[in-house]
Amino acid sequence: MERRQKVLDYLDRTGIPYEYYEHPETPTIEIARQYWHDDGSKHCKNLFFRNHKGNRHYLVVFDCDRQLAIHDLEHRLRQGKLSFASEQRMERYLGLRPGSVSPFGLINDLENHVHLFLDQTLHDQPALSFHPNDNTATVVIRHGAFLQFLESCGNSYEFIELY
């Protein structure tokens, strides 16, 4: 609940508009589907990776209805061999636990260490949905407001073709 409130406070403080609703814990997309509202937003899958040396970290965001093979992702991102980051790294860089990963974790990355890759198809969506760093709620944010959020965090990001 504390993690969620930190996100909502951040959005309010920076004047970024959003919609918000609570639901039971949803650690996977399959469970989350039961509770999604018909709000016109695109629900996203969020994966946190590290490079082979462990000195670079990447958050990859894409349409939840799509699948990505790590080998294909490595080829598309051109960042070398990737592996899922550990829970400890997730906590250290994003202040998150597994099952609640989202771009809202960037508010905890004060040194802007994490680079964000977003699938190009998300650029055309009117609104996106993410957990607010807690998988018992969902935040719906319009595309322009989401870009405003990313700019306010200061992390590097780019929209690329992931599939």
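All values below were derived from every heavy atom in this structure, side-chain atoms included, with hydrogens, water molecules and symmetry-related copies excluded.
Scanning for ring pair (Phe, Tyr, Trp, His ring centres under 6.0 Å) contacts around Phe49 gives Phe84, with sequence neighbours left out. In this structure, Arg56 has no salt bridge (Lys or Arg N to Asp or Glu O under 4.0 Å) partners at least two apart in sequence or on a different chain. Partners of Asp72 according to the side chain to side chain contact (heavy atoms under 4.5 Å, CB included) rule, which considers only residues two or more places apart in sequence or in another chain, are Ala69. Residues passing the ring pair (Phe, Tyr, Trp, His ring centres under 6.0 Å) test with Tyr157: none are found, sequence neighbours excluded.
The two atoms that bring Phe48 and Met90 nearest to each other are CE2-CA, 3.7 Å, heavy atoms only. Between Asp39 and Tyr21, the shortest heavy-atom distance links the atoms OD2-CE2, 3.8 Å. Of all the heavy atoms in Gly54 and Arg89, the pair that sits closest is O-NH1, 2.9 Å. Taking each heavy atom of Pro17 and Gln148 in turn, the nearest pair found is CD-OE1, 4.5 Å. Scanning both residues, Arg78 and His75, for their nearest heavy atoms gives CG-O, 3.4 Å. For the residue pair Val61 and Leu162, the shortest heavy atom distance occurs at O-CD1, 4.0 Å.
A salt bridge links Arg3 to Glu91: one of the charged nitrogens lies within less than 4.0 Å of a carboxylate oxygen.
Interatomic distance, Cys64 SG to Lys42 NZ, rounded to the nearest 0.5 Å: 5.5 Å. One distance of note links CG of Leu96 with CG of Asp134; it measures 10.0 Å at 0.5 Å rounding. In this structure, CZ in Phe62 is found 10.0 Å from OG1 in Thr121, a value given to the nearest 0.5 Å. Here CD1 of Ile160 is found 9.0 Å from CG of Leu118. Values are rounded to the nearest 0.5 Å. From Glu74, atom CD reaches atom CG of Asn51 across 10.5 Å, with rounding to the nearest 0.5 Å. Here the straight-line distance linking atom CG of Leu11 with atom OG of Ser152 works out to 8.0 Å at 0.5 Å rounding.
When the side chains of ILVMFWY residues are joined at heavy-atom separations under 4.5 Å, either directly or via intervening members, Tyr58 and Val101 end up in two distinct hydrophobic clusters. Val60 and Leu128 fall into different hydrophobic clusters, defined by Ile, Leu, Val, Met, Phe, Trp and Tyr side-chain heavy atoms under 4.5 Å apart, directly or through other members. Under the 4.5 Å side-chain heavy-atom criterion for grouping Ile, Leu, Val, Met, Phe, Trp and Tyr, Leu59 is connected to Leu147 within one hydrophobic cluster. Linking Ile, Leu, Val, Met, Phe, Trp and Tyr whenever their side-chain heavy atoms come within less than 4.5 Å puts Leu122 and Ile16 in one cluster. When the side chains of ILVMFWY residues are joined at heavy-atom separations under 4.5 Å, either directly or via intervening members, Leu150 and Phe117 end up in two distinct hydrophobic clusters.
In this structure, Val139 and Leu8 have side chains that are in contact, with non-hydrogen atoms separated by less than 4.5 Å. A heavy-atom distance below 4.5 Å is not found between the side chains of Asp63 and Asp119. Within the 4.5 Å cutoff, the side chain of Cys153 has heavy atoms near those of the Tyr10 side chain.
The six-membered or imidazole ring of Phe146 lies near that of Phe130, with a centre-to-centre distance under 6.0 Å.
Counting heavy-atom neighbours within 6.0 Å of Arg92 CZ, excluding the residue itself, gives a total of 12 or less. Within a 6.0 Å sphere centred on NE2 of His37, other residues, nucleotides and ligands contribute more than 12 heavy atoms. No more than 12 heavy atoms of other residues, nucleotides or ligands shown are found within 6.0 angstrom of CZ on Arg97. For Glu2, the CD atom sits in a loose shell: 12 or fewer heavy atoms of surrounding residues, nucleotides or ligands are nearer than 6.0 Å.
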Can I get a per-line list of side-chain donor-acceptor pairs under 3.5 Å for residues 22-29, giving both atom names and the distance, sequence neighbours left out?
unit_1, atom_1, unit_2, atom_2, d
Glu22, OE2, Arg4, NH1, 3.0
Glu22, OE2, Tyr20, OH, 2.7
His23, NE2, Ala137, O, 3.4
His23, NE2, Thr138, OG1, 2.8
Thr26, OG1, His131, NE2, 3.4
Thr26, OG1, Asn135, O, 3.1
Thr28, OG1, Ile31, N, 3.2

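Taking the six-membered ring for Trp and thresholds of 30 and 60 degrees, Phe104 and Phe149 have ring planes more than 60 degrees apart, a perpendicular arrangement.
Looking only at distances, no side-chain donor or acceptor of Arg66 sits under 3.5 Å from a matching main-chain atom of Lys45. Counting only distance, with no hydrogens or angles, the side chain of Arg50 and the backbone of Ala85 share no donor-acceptor pair below 3.5 Å. In terms of modelled atom types and a separation under 3.5 Å, the side chain of Asn133 and the main chain of Gly105 share a donor-acceptor contact.
Residue pairs meeting the side chain to side chain donor-acceptor pair (under 3.5 Å) criterion with at least one member in residues 103-115, sequence neighbours excluded, are Lys6-Asn108, His57-His113, Asp109-Asn155, Asn112-Asn155, His115-Ser156, His115-Glu158.
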